[in-house]
Amino acid sequence: PRAREWLARARELGPDEPEVLAFAASARLGELLDENGRVADDDPGLVDVRAWIERAATRVVGAPPYVLPLVRAELASAQRQYLAATKFYNRAMAIAPRRPEAHLGLAQLLLGRGLYEGANEALDAAFVAGVRDPRMHYLRGFALGGLGRLDDARRFYETYLIGRPHDSAARRALAGVLAGQALRDLYRSTPEELEHVAQRILEYDPDNPKIPVLQGMVARHRRDMQGALVLFEKARERLGDDPELQRLLTETLRDRGYELLLSGERRGVAMECFRRALDLAPGTGVTTTAMENIVREEWERTYQAARDALVARELDDAQRGLLECLELMPDDPQPRLQLGFVHYSRGEPAELEAALAEFRRYVAGQRSRGRDAAVGVLYEVQTLRRLERLDDALGVADEFLGEPTEAASEANLGRIREVRDAVAQRLRR
């Protein structure tokens, strides 16, 4: 508000002064910019901006005022005319080499385009020219961070924040650099060092998504695998499928599984940890052979117990065990066949429909692996027959007999033919 008051007063005193007109154009341009520092080419407000710039240019006698090429540079930058903007910034620097605005504007233009090396060189040149402005430290940190020079970036951000400790953008930027350093040194740092840097990041930017990664690593160091899991999961919700985080989560699930297994408690939770670790492991470099063997052994034990329960007509126990098998190894279709038998044995229409679905899943799984699916087809046909869906039963049998799986035994094919013939005979009655 005070700046607008002074500008209004200046326009009263010298309405045709080139510097006053240029300042008026700059102020108006600032009102038109969006959150990205851009303005649409057809924005009606640009009429005033361009008119004041041209009017200022016609009023210049001798050397142009510093602010005239500066506002031309700002306008060109806002309209994404980067070469023109660079030219005008350099003109402004030539007029007043030690004034900061043109140097800072050029650095921001380069940073906005991801040209970190160029921005760093521009800020070096500003320093050599004698420019001393706190904002240079902030932009220097930005440029060095973009170049991966995190230690140098941190130093410039910290210097800037000494003078402007409440600048939220700089605080977030410093937190990001600290997080980058911590993740870079993740396996070389002690738990105390990680905890300290996590606390610093928390102070500068409580919403930084990498804080739980560092806290999770501290928990891992202290053998609190469950706590680490919670923190890594929280980080994953915010960071997505970050490769390093995925590896940490895989290793922690594995270690938590071993921890539970060795304690002799919550075996089911241990298997769930192993199962999730195996799902996440591809591409992480984590060795999975031991986990796969443990899960396979647990699957075989559970599968055999479920089959024994099925033979003993203990259907609920059999179903529970078979569902556990599918949780352990969801891609193995074998339990689907026995689960179909469980539903088939209960005999109710809804149970028969459930049995039919399981037999079909078994057949699809066997086919996809090039294995014999004849037993599943046999029970699929028998279930359809029992549901009085005779046309469907005949169609399934004929389709399979016309193109059986390569490994189908003659005995099973013969049984399918027998059921098929019986269904056909009933349809003819």
**Item:** All ring-ring contact (aromatic ring centres under 6.0 Å, His included) counterparts of Phe400, not counting sequence neighbours
**Value:**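 Per chain and number, Phe400 pairs via ring-ring contact (aromatic ring centres under 6.0 Å, His included) with no residue.
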
**Prompt:** Can you list every ring-ring contact (aromatic ring centres under 6.0 Å, His included) pair that touches residues 196-228, not counting sequence neighbours?
**Reply:**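 Every candidate ring-ring contact (aromatic ring centres under 6.0 Å, His included) pair involving residues 196-228 fails, so no pair, neighbours aside, qualifies.
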
Looking only at heavy atoms, what is the nearest atom pair of [X] and [Y], with distance?
X	Y	value
Ala318	Val342	CB-CG2, 4.0 Å
Ser77	Arg38	O-NH1, 3.9 Å
Glu74	Ser26	OE1-OG, 3.0 Å

Atom pairs and distances, side-chain donor-acceptor, residues 122-148, under 3.5 Å, sequence neighbours left out:
unit_1	atom_1	unit_2	atom_2	d
Asp124	OD1	Arg140	NH2	2.5
Arg132	NH1	Phe127	O	3.0
Asp133	OD1	Arg135	N	2.8
Asp133	OD1	Arg135	NE	2.9
Asp133	OD2	Arg135	NH2	3.0
Arg140	NE	Asn120	OD1	2.5

**Request:** List for me each residue that meets salt bridge (Lys or Arg N to Asp or Glu O under 4.0 Å) alongside Glu101, sequence neighbours excluded, and say none if there are none.
**Result:**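 Partners of Glu101 under the salt bridge (Lys or Arg N to Asp or Glu O under 4.0 Å) test: Arg99.
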
**Message:** Suppose we screen for side chain to side chain contact (heavy atoms under 4.5 Å, CB included). Which residues come up paired with Ile95, at least two apart in sequence or across chains?
**Reply:**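 Side chain to side chain contact (heavy atoms under 4.5 Å, CB included) check on Ile95 returns Pro64, Tyr66, Pro69.
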
Pair [X], [Y]: side-chain N/O donor-acceptor within cut-off below 3.5 Å:
X	Y	answer
Arg346	Gln319	yes
Asp255	Thr252	no
Gln366	Asp372	no
Glu324	Tyr303	no
Asp151	Gln181	yes

**Prompt:** Do Glu314 and Arg320 meet the salt-bridge criterion of a basic N to acidic O distance under 4.0 Å?
**Reply:**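 So Arg320 does not pair with Glu314 through a salt bridge.
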
**Asked** Between Arg28 and Glu31, does at least one N-O distance fall below 4.0 Å, as a salt bridge requires?
**Response**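 So Arg28 pairs with Glu31 through a salt bridge.
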
**Glu403 atom CD, neighbour heavy-atom count above 12 within 6.0 Å** =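 12 or below, so no.
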
**Request:** Evaluate whether atom CD of Glu399 has more than 12 neighbouring non-hydrogen atoms of other residues, nucleotides or ligands under 6.0 angstrom away.
**Result:**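 Incorrect, the count does not exceed 12.
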
**Asked** Trp299 ring centre to Arg296 NZ or CZ under 6.0 Å, with the angle to the axis within 45°?
**Response**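 Cation-pi check for Arg296 and Trp299: passes.
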
**Prompt:** Passes ring pair (Phe, Tyr, Trp, His ring centres under 6.0 Å), Phe274 versus Tyr258? Steps please.
**Reply:** CA-CA 8 Å; Phe274 289 137; Tyr258 286 138; 5.2 Å; yes

**Request:** Could you note down all residue pairs passing side-chain hydrogen bond (donor to acceptor under 3.5 Å, both in side chains) where residues 268-278 supplies at least one of them, sequence neighbours left out?
**Result:**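 Non-adjacent pairs meeting side-chain hydrogen bond (donor to acceptor under 3.5 Å, both in side chains): Glu233-Arg276, Arg275-Asp279.
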
